[in-house]
Asker: 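Before we start, here is the structure in question, set down as C-alpha cells.
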2 protein chains.
Amino acid sequence: MHDPDSFGCRAFTAVLQRIGDKWSLLIVSVLADGPKRFSELRREIPSISQRMLTLTLRGLERDGLVSRTVTPSIPPRVDYELTQLGQSLRKPVCALAEWAMANIDVIHTSQTRFDRANGEKV
Amino acid sequence: MHDPDSFGCRAFTAVLQRIGDKWSLLIVSVLADGPKRFSELRREIPSISQRMLTLTLRGLERDGLVSRTVTPSIPPRVDYELTQLGQSLRKPVCALAEWAMANIDVIHTSQTRFDRANGEKV
DNA sequence: CCGAATCCTTTCCGATACTG
DNA sequence: CAGTATCGGAAAGGATTCGG
C-alpha cells in the first residue's frame, strides 16, 4: 500500500467487496487442506447454512478461486478444489487464520472491557 | 488450520465475523502507513461513507486494534492509530492487500467469463 | 472537523420445502 | 447428496440533518 496513487487501495477495496464477507476466506482456508466434497465442507463449518455455502462457493468459482467437479453417480458427488489462483491465496489467508487463532482471546478481552466502559452510561 | 480439532476454524470464524466485512481490513491496511486523522482516512478511501467509517473505526477500537486520540482544539482533531495488536495484524493484512493488487485483473477476467457462460441461458 | 441520530432502501441470510 | 426456490425478518449501508 505504498503506492503514490491509490491503485493499491482501490484494488484491495474491489477484492474485499467480493471475498470480504463472513465465509469466503474461511472456505478458502478450509480448502487449503485439499479438495473437499460439499458435505465435508458443511461438516467442517457447522455454523454455515446450506444456502450460504452454496452461494459462497458459487462466488468463489466465479472469481476463479475454486473449481467445481461433478461426478454424476448415485448419489451425486461434487468436489471443490482450489484452482491455481486459489492456491496463490493460500499463504496470505493461512497467515491471517493463524493470526486469528493467536489473538482471539486478546480481542475478546478487549471487546468485553470496551462494552463495560460504554455500557455503564446507559 | 491443521488442527485435529476445529479450534482453528472456530477462531477464524469468530474473527471474520468481526473484521471480515468490507471495510475493516482496508482501514487497517491504510493505517499501516502510520497514524491518520479522520478526514485523511475519508480522503484515502473515497468510496466509504462517513457513517460507515465512524462505525468501522468504532468496531476496530472495540477490538483493541485501533486507538483513538482526541485533541480538543478548534476545530477538533481526532487521530487514529494502530495499537500493538493492530501492528501485529499489519503483516498478514498487507500480504493480502498485495495479493489483491497482483490478481485483481485475473479475478475480473474470470468473473466476466463466468457471467457470460451463465448469462446465455436466461 | 468530527461524529451522533434519524430515516429509509437495499441486501443479507436463515428456515423451510421441494427436486434430480 | 447436492443442490434450487421462496419467503420474511434482520442487518447493512447511503443520505441527510443536527451538534460540540
Side-chain angles (χ1 to χ4, degrees), chain A residues 13-14 16-27 30-31 35-63 66-81 111 114-115 117-122, chain B residues 13-14 16-27 30-31 35-63 66-81 111 114-115 117-122:
Chain A
T13 303
L16 286 175
Q17 298 285 342
R18 261 298 302 122
I19 62 172
D21 57 58
K22 305 230 185 319
W23 305 116
S24 293
L25 291 179
L26 183 64
I27 289 180
V30 171
L31 285 178
K36 294 266 164 62
R37 313 183 45 166
F38 187 84
S39 48
E40 290 177 306
L41 288 170
R42 283 199 78 178
R43 254 195 309 281
E44 300 212 22
I45 313 175
S47 52
I48 197 173
S49 65
Q50 186 187 35
R51 173 192 158 84
M52 286 317 295
L53 182 55
T54 300
L55 288 180
T56 306
L57 285 168
R58 215 55 90 230
L60 292 173
E61 191 190 355
R62 178 171 178 264
D63 295 334
V66 161
S67 70
R68 178 171 178 269
T69 309
V70 180
T71 308
S73 56
I74 297 181
R77 174 196 179 96
V78 180
D79 288 273
Y80 292 91
E81 181 176 10
Q111 288 176 347
F114 184 94
D115 291 343
N118 287 267
E120 283 166 358
K121 57 183 176 188
V122 173
Chain B
T13 302
L16 285 176
Q17 298 284 344
R18 262 296 304 122
I19 62 171
D21 56 59
K22 306 235 184 315
W23 304 116
S24 294
L25 291 179
L26 182 64
I27 289 180
V30 171
L31 285 178
K36 292 267 165 65
R37 313 182 45 165
F38 187 84
S39 46
E40 290 178 307
L41 288 170
R42 283 198 77 178
R43 254 195 308 282
E44 299 212 22
I45 314 174
S47 53
I48 197 174
S49 67
Q50 186 187 39
R51 174 192 158 84
M52 287 317 295
L53 181 54
T54 299
L55 288 179
T56 306
L57 285 168
R58 213 58 85 233
L60 292 173
E61 192 190 353
R62 177 171 178 262
D63 296 335
V66 161
S67 69
R68 178 173 179 268
T69 310
V70 180
T71 307
S73 55
I74 296 181
R77 175 196 178 96
V78 182
D79 287 273
Y80 293 92
E81 182 175 9
Q111 289 176 347
F114 185 94
D115 291 342
N118 288 266
E120 283 166 357
K121 58 183 175 188
V122 175

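Residue numbering restarts at 1 for every chain, and letters A, B, ... go by the order of the sequence lines. Not measured: the values here are computed from a predicted model.
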Asker: Of B/W23 and A/T54, whose closest DNA chain D nucleotide lies nearer the 5' terminus?
Answerer: A/T54
Asker: Whole-Å distance between D/dG13 C1' and B/L26 CG?
Answerer: 16 Å
Asker: Rounded to the Å, how far apart are A/I74 CD1 and D/dA2 C1'?
Answerer: 13 Å
Asker: Just by distance, do the side chain of A/T71 and the backbone of A/S73 share a donor-acceptor pair under 3.5 Å?
Answerer: no
Asker: Rounded to the Å, how far apart are B/L57 CG and C/dA4 P?
Answerer: 10 Å
Asker: Considering only D/dG14, C/dC1, C/dA4, which nucleotide approaches the side chain of B/R58 most closely?
Answerer: C/dA4
Asker: Between atom CE in B/M52 and atom P in C/dT11, what is the gap in whole Å?
Answerer: 15 Å
Asker: Report the distance from atom CZ of A/R51 to atom P of D/dA5, rounded to the nearest whole Å.
Answerer: 11 Å
Asker: Taking only N and O in the side chain of B/R37, is any of them less than 4.0 Å away from OP1 or OP2 of C/dC1?
Answerer: no
Asker: Using whole Å, report how far CG of B/L55 lies from P of D/dA11.
Answerer: 14 Å
Asker: Main chain of B/G59, side chain of B/R18: is a donor-acceptor contact present, judged purely on distance under 3.5 Å?
Answerer: yes
Asker: Kindly indicate whether the side chain of B/Q50 and the base of D/dG14 share any N or O donor-acceptor pair separated by less than 3.5 Å?
Answerer: no
Asker: If you measure from CG on A/L60 to CZ on A/R68, what distance do you get to the nearest 0.5 Å?
Answerer: 13.0 Å
Asker: With sugar-phosphate meaning primed atoms plus P, OP1 and OP2, does B/R42 contact a base, only sugar-phosphate, or nothing at under 4.0 Å between heavy atoms?
Answerer: nothing
Asker: Rounded to the nearest 0.5 Å, what's the gap from CG on B/D63 to CZ on B/R58? Could you check?
Answerer: 13.0 Å
Asker: Picking from D/dA2, C/dC2, C/dG14, which would you name as closest to the side chain of B/F38?
Answerer: C/dC2
Asker: What nucleotide, of D/dG3, C/dC13, C/dA4, holds the atom closest to the side chain of A/K22?
Answerer: C/dC13
Asker: Would you say C/dG3 has OP1 or OP2 under 4.0 Å from some side-chain N or O of B/Y80?
Answerer: yes
Asker: Can you check the B/Q17 CD to C/dG14 P distance for me, whole Å?
Answerer: 9 Å
Asker: Using a strict 4.0 Å threshold on nitrogen-to-oxygen distance, state whether A/E40 and A/R37 make a salt bridge.
Answerer: no
Asker: Once you round it to whole Å, what is the distance between P of C/dG3 and CG of B/D79?
Answerer: 10 Å
